[in-house]
Asks: 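The structure follows.
Each chain gets a letter, A, B and so on, in the order its sequence line appears, and its residues count up from 1. These numbers come from a predicted model, not from an experiment.
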Protein chains: 2
Amino acid sequence: MSTKNKILDAAESLFATQGFNGTSLREITSQAEVNLAAVNYHFGSKKELIKSVMSRYMNELSPRLESALVEVCKRDNLNLLEVFSAFIEPLLSLNDFKENGTSNFLQLLGRGYSDSQGFLRWFLTTQYPGVINNFVKAVQKAYPELTAEEMFWRLHFTMGTVVFTMSSSDALIDIAKSDFDKTMDIAGVIKKVIPYVAAGVSAPLL
Amino acid sequence: MSTKNKILDAAESLFATQGFNGTSLREITSQAEVNLAAVNYHFGSKKELIKSVMSRYMNELSPRLESALVEVCKRDNLNLLEVFSAFIEPLLSLNDFKENGTSNFLQLLGRGYSDSQGFLRWFLTTQYPGVINNFVKAVQKAYPELTAEEMFWRLHFTMGTVVFTMSSSDALIDIAKSDFDKTMDIAGVIKKVIPYVAAGVSAPLL
DNA sequence: GCACAGTTTAAACAAGCGTTTGAAATAACG
DNA sequence: CGTTATTTCAAACGCTTGTTTAAACTGTGC
């Protein structure tokens, strides 16, 4: 395993559980068992390391997500639950790509939107606009009465729901176990949140 | 204006816009025009300062919120849109309590859930359980078929929606202005998010 | 075997952080 | 006024952070 990949793996799991600002380069290089200076040698800076960790997942996920959305868009009588359900399989496929891939990626996404004053938000929306465009197209077909402005708001609410849920999913899974004796994993959380956001976006216009 | 209040005011606005970890005591005392050591003299530590900033709002808000929820609970044929709408007036009343009070408080709440590994979450849920209990009671009356477990998940999704939306509300308001030429304020955002979360929690059980 | 590029290493750097100190300034009170 | 008690202040402390340095090591091609 190359030094570069050792760093990426260690950074990924630490970033997911502690956030970007909450994880120091010394923690990362120590867990990766490489020298501290290796991060700046191979990636240039911490910011570039964060981008690299995210890109590794986005390059894997975004084509699958795009084709799943294109596919669902072909259906007749499309509803929003079907649109949002299109995310499930591509997301869960990240578990084949890497252990805990789905969970790690979604948590990273959550961190990216709360930590570091939103530079990751800019990075993702400018680097991977295809996913967003296809998603908007599908929502439009499933709910044509929704104005562009209302869709803007509701998609951001949805982003918030998912991102917040995933960045605190460990705590939520623990509570579900202790309070309701239900053993949950990240796939279970996704299946719980999909009907919620679908209903939210489907809400009648006032 | 006392030194203590100068610090609280400066800390409040800086925490709201930059987060807790993203704001240093030197920034706070510089904006408050007091000495750096004043924070530790008056509050003991940064952590205690954070608690004080939040308590100032919670002590103002929680009784209003509780009585609004008790009031709405008395209605017949209660639906979830009514339950969530009960939050609007108490939240907006924070603008009388302090300039930008509503916006600041909701953003602080958002920060509290993402920053600082959730110690604020613990603080709020243990210090102000009355609000949560009354809220759960109202939701239960409006949607009796909802199991305790499903309610747990959906209320956390709702928390995520609100918290994320509010911590990024400045950016969202800017986008709404530039993309749709709609001038928004925090009250407008609240009125957009209420139907969304009401529909989400109202989603049919699978 | 030598030279050269690529990589790893220990050490230091400069800057920022929250907190503590002890003396100076101010306020309160008999 | 004089004597406490409270509050302010500049300075420093100890620690952590991301980044840089320059020397040592590794491997590949000539």
Side-chain angles (χ1 to χ4, degrees), chain A residues 1-56 108 111-123 167, chain B residues 1-56 108 111-112 114-123:
Chain A
M1 169 104 71
S2 69
T3 299
K4 212 166 167 173
N5 277 323
K6 281 199 269 185
I7 293 175
L8 281 172
D9 287 344
E12 174 185 316
S13 68
L14 287 170
F15 283 155
T17 57
Q18 309 181 343
F20 301 113
N21 294 337
T23 304
S24 69
L25 295 184
R26 282 168 178 79
E27 276 184 279
I28 294 169
T29 54
S30 155
Q31 172 160 325
E33 293 179 309
V34 302
N35 187 272
L36 167 63
V39 170
N40 288 280
Y41 176 76
H42 286 285
F43 297 94
S45 68
K46 184 179 180 180
K47 213 167 199 169
E48 288 299 320
L49 171 62
I50 296 174
K51 282 197 208 172
S52 299
V53 170
M54 291 307 288
S55 296
R56 197 163 58 150
L108 288 170
R111 304 294 182 181
Y113 269 76
S114 16
D115 278 11
S116 63
Q117 69 271 354
F119 98 90
L120 245 184
R121 178 176 1 191
W122 170 87
F123 173 69
S167 62
Chain B
M1 170 103 70
S2 69
T3 298
K4 212 166 169 174
N5 277 323
K6 281 198 269 186
I7 293 175
L8 281 173
D9 287 344
E12 174 186 314
S13 68
L14 287 170
F15 283 155
T17 57
Q18 310 182 341
F20 300 114
N21 294 337
T23 304
S24 70
L25 294 184
R26 283 168 176 82
E27 275 183 279
I28 294 169
T29 53
S30 155
Q31 172 161 325
E33 293 179 308
V34 302
N35 188 275
L36 167 63
V39 169
N40 288 280
Y41 176 75
H42 286 285
F43 297 93
S45 69
K46 185 179 180 180
K47 213 166 197 169
E48 287 299 320
L49 171 62
I50 295 174
K51 282 197 208 171
S52 299
V53 170
M54 290 308 288
S55 296
R56 197 163 59 149
L108 288 170
R111 304 293 183 183
S114 16
D115 279 10
S116 62
Q117 70 268 358
F119 99 90
L120 245 183
R121 178 173 5 188
W122 170 87
F123 172 70

Asks: Quick one: is A:Ser24 getting a side-chain N or O under 4.0 Å of the D:dT17 phosphate, OP1 or OP2?
Replies: yes
Asks: Once you round to the nearest 0.5 Å, how far does CG of B:Leu49 lie from NZ of B:Lys4?
Replies: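 B:Leu49 atom CG to B:Lys4 atom NZ measures 10.5 Å (nearest 0.5 Å).
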Asks: Whole-Å distance between C:dC17 C1' and B:Lys47 NZ?
Replies: 16 Å
Asks: Using the side-chain heavy atoms of B:Leu25, tell me which of these nucleotides is nearest: D:dT20, C:dG18, D:dT19.
Replies: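 Selected nucleotide (nearest to the side chain): C:dG18.
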Asks: On the nucleotide C:dA10, are OP1 or OP2 found under 4.0 Å from the side-chain N or O atoms that A:Asn35 carries?
Replies: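 Affirmative; the distance criterion is met.
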Asks: Which whole-number value in Å describes the distance from A:Asn21 CG to D:dT16 P?
Replies: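 It is 18 Å, rounded to the nearest whole Å.
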Asks: Rounded to whole angstrom units, what separation is found between the CD atom of A:Glu27 and the C1' atom of D:dT16?
Replies: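 In whole Å, D:dT16 C1' and A:Glu27 CD are 11 Å from each other.
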Asks: From the set D:dT20, D:dT8, C:dG6, return the single nucleotide nearest to any side-chain atom of A:Ala37.
Replies: D:dT20
Asks: Out of curiosity, A:Glu27 CD to A:Gln18 CD, how far, rounded to the nearest 0.5 Å?
Replies: 4.5 Å
Asks: Atom CD1 of A:Ile7 to atom P of D:dT19: distance rounded to whole Å?
Replies: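 The answer, rounded to whole Å, is 13 Å.
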Asks: Send over the distance from B:Gln18 CD to C:dC17 P, rounded to a whole Å.
Replies: 10 Å
Asks: Would you mind reading off the distance between A:Ile50 atom CD1 and D:dG18 atom C1', rounded to a whole angstrom?
Replies: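 To the nearest whole Å, that distance equals 12 Å.
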Asks: Any side-chain N or O of B:His42 less than 4.0 Å from the OP1 or OP2 oxygen of D:dT8?
Replies: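 Yes, within the criterion.
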Asks: Give the rounded distance in Å between these two atoms: OH of B:Tyr41 and C1' of C:dG22.
Replies: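 Going from OH in B:Tyr41 over to C1' in C:dG22 covers 14 Å.
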Asks: Which value, rounded to the nearest 0.5 Å, describes the distance between B:Leu14 atom CG and B:Asp9 atom CG?
Replies: 11.0 Å
Asks: Does a side-chain heavy-atom distance below 4.5 Å link A:Thr3 with A:Val34?
Replies: yes
Asks: Please report the distance, rounded to the nearest Å, between CG in B:Leu36 and C1' in D:dC9.
Replies: 10 Å
Asks: Can you find a side chain N or O atom of B:Ser45 that sits less than 4.0 Å from OP1 or OP2 on C:dG18?
Replies: no
Asks: Measure the spacing between CZ of A:Phe15 and CE of A:Met54 and express it to the nearest 0.5 Å.
Replies: 11.0 Å
Asks: Ignoring the backbone of B:Asn40, work out which of C:dT7, C:dT20, D:dG18 is nearest its side chain.
Replies: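 Minimum distance to the B:Asn40 side chain belongs to C:dT20.
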Asks: Please tell me if B:Thr3 has a side-chain N or O lying less than 4.0 Å from either OP1 or OP2 of D:dT7.
Replies: no
Asks: Looking only at side-chain atoms of B:Arg26, point me to the closest of C:dC17, D:dT20, D:dA11.
Replies: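 Looking only at side-chain atoms, B:Arg26 lies closest to C:dC17.
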Asks: How is B:Thr23 classified with respect to the nucleic acid when contacts are heavy atoms under 4.0 Å: base, sugar-phosphate, or nothing?
Replies: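 Sugar-phosphate: the residue B:Thr23, judged by heavy atoms under 4.0 Å, touches backbone atoms but no base.
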